[in-house]
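Let me begin by presenting the structure, written as structure tokens, before commenting on it.
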Amino acid sequence: MAEGEVKLEDSWKFALEAEFASPYMAQLKQFLVAEKQAGKQIFPKGSEYFRALDLTPLDEVKVVILGQDPYHGFGQAHGLCFSVKPGVRTPPSLVNIYKEMESDLGIPPARHGFLEHWAQQGVLLLNSVLTVEESRAAAHQGKGWEQFTDAVIRTVNEECENVVFILWGSYAQKKAAFVDTTRHCVLKAPHPSPLSAHNGFFGSKPFSKANAYLEQHDREPIDWQLPEKV
């Protein structure tokens, strides 16, 4: 993860320079190298660890959606939370996100789960942990990624203005508890997973609320409708 080894958009590379130079990041890199040398399959692939940052430069962030871990099934994760590669079945949480979007904005569910269209408009789709071992959910928790993504959130909080933080579930809400609500909009709701979506996620209207806030602050709203072909 030294500079030059991993693709990273310039604004983030500059803002997170101290993180990449820190001991915990060196230890995280050693851990990932050792896991791969042991023959373990790591998702997403190395060039996509920082895909969320690459697609959404720091000065273009309008919305932050926080996830927890990448999907651990083969061919699913590609570096954006809740998103899967084209051709992969839409996961249950994203199915519920689409249901709420249809209820909120009248947008019919996409036939795919590929969310890069959102990321390219300024929606930072950030997982707390950026890698996982195949078929082992949460295998890379506590290895250093959380510290790195805390720094990402802190950077957005301090360097950006009028960003909407969409925090689904208690994990995301705790992680971003320090966000300055006088400078940013924080929208909280239960997680969209089938286990909790009926406890207040449905009906929370995050998409229309996010766009209303952006428009109030003279920022271009997000086009949440995903293209049919990807």
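Atoms considered below: every heavy atom in the structure, side chains included; atoms not considered: hydrogens, waters and symmetry mates.
Although no hydrogens or angles enter the test, the distance criterion places a donor-acceptor pair under 3.5 Å between the side chain of His191 and the main chain of Ser193. Side-chain N or O atoms of Lys40 include none that pairs as donor or acceptor with a backbone N or O of Leu32 at under 3.5 Å. A donor-acceptor pair under 3.5 Å links the side-chain atoms of Thr155 to the main chain of Ala151, judged by distance alone. Checked by atom type and distance alone, the side chain of Gln173 pairs as donor or acceptor with a backbone atom of Ala189 at under 3.5 Å. Lys175 contributes a side-chain N or O that, together with a main-chain N or O of Glu146, makes up a donor-acceptor pair within less than 3.5 Å. His117 places no side-chain N or O within donor-acceptor distance of the main-chain N or O of Pro227, the cut-off being under 3.5 Å. A distance-only check finds no donor-acceptor pair linking the side chain of Glu134 to the backbone of His72 [under 3.5 Å]. A donor-acceptor pair under 3.5 Å is absent between the side-chain atoms of Trp168 and the main chain of Pro192, judged by distance alone.
Phe202 pairs by the ring-ring contact (aromatic ring centres under 6.0 Å, His included) definition with His198, not counting sequence neighbours.
Note on ring orientation: taking the six-membered ring where Trp is involved, the planes of Trp118 and Phe207 are tilted (angle from 30° to 60°). Between Phe43 and Phe74, the ring planes lie perpendicular to each other; the angle is over 60°, past the 30° to 60° tilted range.
Between Lys62 and Val164 there is no side-chain heavy-atom pair separated by less than 4.5 Å. Residues Leu80 and Leu55 have side chains in contact (heavy-atom distance under 4.5 Å, counting atoms from C-beta outward). With a 4.5 Å cut-off on side-chain heavy atoms, Val84 and Leu115 do not count as touching. Under the 4.5 Å side-chain criterion, counting only non-hydrogen atoms from C-beta, Phe201 is not in contact with Ser196. Using a 4.5 Å heavy-atom threshold, the side chains of Phe165 and Thr181 count as separate.
Rounded to the nearest 0.5 Å, atoms OG (Ser128) and CD (Gln147) are 11.5 Å apart. Here OH of Tyr213 is found 9.5 Å from CG of Leu187. Values are rounded to the nearest 0.5 Å. The CD atom of Glu133 lies 12.5 Å from the NZ atom of Lys36; values are rounded to the nearest 0.5 Å. How far OG1 of Thr149 is from CD of Gln68: 10.5 Å, rounded to the nearest 0.5 Å. Separation of atoms CG (Leu125) and OG1 (Thr56) is listed at 6.5 Å; rounding is to 0.5 Å. To the nearest 0.5 Å, atom OH of residue Tyr71 and atom NE2 of residue His78 are 9.0 Å apart.
For the pair Cys81 and Ile65, the tightest heavy-atom approach, listed with the atom from each and the gap, is SG-O, 3.4 Å. In this structure, Lys205 and Glu100 approach most closely via the heavy-atom pair N-OE2, 2.8 Å. Nearest heavy atom pair, residue Leu16 against residue Phe148, reads CD1-CZ, 3.7 Å. Of all the heavy atoms in Ser208 and Leu105, the pair that sits closest is CB-CD2, 3.8 Å. The nearest pair of heavy atoms linking Asn162 to His184 is N-ND1, 3.6 Å. Here the closest non-hydrogen pair linking Gly75 and Val88 is O-CG2, 3.3 Å.
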Would you please test Tyr98 and Thr90 for side-chain hydrogen bond (donor to acceptor under 3.5 Å, both in side chains) and show each step? CA-CA 10 Å; Tyr98 286 171; Thr90 304; 5.3 Å; no
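Within 6.0 Å of atom CZ in Phe14, 12 or fewer heavy atoms from other residues, nucleotides or ligands are found, so the atom counts as exposed in its surroundings.
Side chains of Ser11 and Asp59: no donor on one and acceptor on the other come within 3.5 Å. Side-chain contact, Asp69 with Gln141: a donor N or O sits under 3.5 Å from an acceptor N or O. Donor-acceptor pairing under 3.5 Å is lacking for the side chains of Tyr49 and Thr131.
Salt bridge Glu161/Arg183: present, at least one basic N to carboxylate O contact under 4.0 Å. With respect to the salt-bridge test (charged N to carboxylate O, under 4.0 angstrom), the residues Arg51 and Glu116 qualify.
Partner of Val61 under the side chain to side chain contact (heavy atoms under 4.5 Å, CB included) criterion, chosen from Leu53, Val152, Val163: Val163.
Criterion: ILVMFWY side-chain heavy atoms under 4.5 Å apart, direct or through other members. Under it, Val186 and Leu124 are part of a common hydrophobic cluster.
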